[in-house]
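Numbers here are sequence positions counted from 1.
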Amino acid sequence: MKFDFSNLRGDLTGGLTAGIVALPLALALGVASGLGPLAGLYGAIAVGFFAALFGGTPSQISGPTGPMIVVLAGLFASLSGNVELIFTAVILAGILQILFGFLGIGQYIRLVPYPVISGFMTGIGAIIIILQLGRLLGHEPPGGTLGALSYLPHAIANINFMTLGLGVLTLVIAYKWPAKLGKYVPGALAALIIGTLISLALTNVPVLGEIPSGLPSLHLPVFEQSQFWLVLEAAFILAVLGAIDSLLTSLVADNMTRTRHESNRELIGQGIGNTIAGLIGGIAGAGATMRTVVNIRSGGKTKISGMVHALVLLAVVLGLSPLAANIPHAVLAGILVKVGLDIIDWRYIKRAHNGPRWDFALMLLVLGLTVFVDLITAVGVGVVLAALAYVRQIAQIQIEELRAIPRLSNDPEEQALLEKGHGKVNVFNFAGPLSFGAAADLGHHVRQQVKPGSEVLILDFSRVPAMDVSAAMAVDTIASDTKSAGKLLYICGANQAVKDVLLAINGGELAHFESETLIEALQKAVKVIDSDSDGNTTGSSQPIVS
């Protein structure tokens, strides 16, 4: 494995800065997951180091992220805090991501429509905020979004104003920290330090308490039959969300560095990182957008920066964990509220009223499902609905192309042949790939546009690159209707791919294929009509595919 040392100084600076930024987030996200601050740090170290070492986005910083924490917190509540099963889910998620990478699934994950991504990211941001509201008010709410919401009236009726003030102060510092000072001390870290120092002068403020230090212990996967499917489902959700989160961050890094990441290799790196995180008792992670941006802006360009960021956090675990024991829950809650607000897609929300209403409605649906049902249902429903809407849109375009057939051809030779046909030749020119979306309406629109007294139908597929079985069956219906009406059918211009599908489906109805153009098909049609004028009939003729 090759290392690029040409940007060593920038990578060291970027990694150090990203590590400092990651510290309060790792602590806060570890607490939010239910597994504790040390699990957050171990996860940040393992995923951060090994995803950088084996991944496909050199400048990316990986670690615990909001989407992963929402899943872990829900799993923690469902498993009643059984940490070994939770770490098993993290290990399985890592293995699944490695499998995704080897199967080349990375290129498909990036095809998730933006309204779906916006909806579930906004929903995740909302969930993070909802889960922290009780802690800001000085309480420890139950796990889960609905549980936290139902607990909120009780928390509001019994507010700990010291805790609330401390959390709000932390949030204000994190947002308003001067940019000039941010070059030296990031806003989130400043909020953590200042909030903790102020809390030392206060009483009745819940703090993290003693945090174990030193190297982690090994957590081998365990399996319980009664909880197996729950663990496997959580692992799958973690793997998919982590893959999406990481590849979206990779796209951000590409835009900033003018490079191109390797999506499947990135999934393998993320998978190795999460597998090791679960083995050492760390929470799952993914590519972290904010930390990646900080790294790049601070000079980080290669995988060395991500590895340095992880080593900085390792140094904290080995030597500074006693200091973290005094960090108040309210301070971490304030930092997490900022994380949640940053995840919400304000950019799209502000512009949504100017865009298509269907896309905004889809975003709101995915948002609601994310908050009140679960993430996998939200993404699954969103992708299916978006795909169906896209198919419908393409089908409408295909049908409109069929409707827009000119009565008169722009080609002089074609026009002359059409005139010789005396209005008894109908030409239907299809455009674009014909799929199941348009298939249901093809036959109807052909029948609707056939002129009275016509004797020959010509279907021109010269502008159709591909056709699926549904469209081929629609052509079969057109052929049957044409034959029943005593008319001739010519098909021309079909490429080999279209011919193969038509022959496979319509071989019994369509006589033969020849590589003919529309001109040649029109010439044949005119000959048939001329022969009819001499007393012949087309009623017994078989459909012809040219």
Determine the minimum heavy-atom distance between [X] and [Y], stating which atoms define it.
{"X": "I344", "Y": "G125", "answer": "CG1-CA, 4.1 Å"}
{"X": "L489", "Y": "T482", "answer": "CB-CG2, 4.0 Å"}
{"X": "A286", "Y": "D245", "answer": "CB-CB, 4.0 Å"}
{"X": "N495", "Y": "P465", "answer": "ND2-O, 3.1 Å"}
{"X": "A471", "Y": "M467", "answer": "CB-CG, 3.5 Å"}
{"X": "A284", "Y": "L238", "answer": "CB-CD2, 4.3 Å"}

Any pair with a residue in residues 382-391 that passes side chain to side chain donor-acceptor pair (under 3.5 Å), sequence neighbours left out, goes on the list, sorted by first then second residue, please.
->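 Residue pairs with at least one partner in residues 382-391: there are none.
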Listed once per pair and sorted, the side chain to side chain donor-acceptor pair (under 3.5 Å) pairs that draw on residues 283-292, sequence neighbours left out = T249-T289
Drop me the distance from [X]'s [atom1] to [Y]'s [atom2], to the nearest 0.5 angstrom.
{"X": "L522", "Y": "E419", "atom1": "CG", "atom2": "CD", "answer": "12.0 Å"}
{"X": "L96", "Y": "L232", "atom1": "CG", "atom2": "CG", "answer": "7.0 Å"}
{"X": "L72", "Y": "I237", "atom1": "CG", "atom2": "CD1", "answer": "10.5 Å"}
{"X": "T57", "Y": "R265", "atom1": "OG1", "atom2": "CZ", "answer": "9.5 Å"}

Residues at least two apart in sequence or cross-chain that pass ring pair (Phe, Tyr, Trp, His ring centres under 6.0 Å) with F49, listed by chain then number, are none
Any residue meeting side chain to side chain contact (heavy atoms under 4.5 Å, CB included) with [X], in chain and number order, not counting sequence neighbours:
{"X": "Y114", "answer": "S118, D345, R347, Y348"}
{"X": "I98", "answer": "F102, I272, T275"}
{"X": "L367", "answer": "T122, L364, V371"}

Dump the intermediate steps for side chain to side chain contact (heavy atoms under 4.5 Å, CB included) on V240 and F100, then the final yes or no.
-> CA-CA 9 Å; V240 172; F100 290 168; 4.2 Å; yes
Has the side chain of S246 got a donor or acceptor atom that lies under 3.5 Å from a matching backbone atom of G287?
->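 Looks like yes, one N/O pair under 3.5 Å.
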Relative to the ring of F430, is the ring of F461 parallel (under 30°), tilted (30 to 60°) or perpendicular (over 60°)?
->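 Because their plane-to-plane angle is under 30°, the rings of F461 and F430 count as parallel.
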CH2 (W346) with more than 12 external heavy atoms under 6.0 Å |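 Result for CH2/W346: open.
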Side chain to side chain contact (heavy atoms under 4.5 Å, CB included) between L8 and T302, intermediate numbers included | CA-CA 9 Å; L8 184 59; T302 76; over 6 Å; no
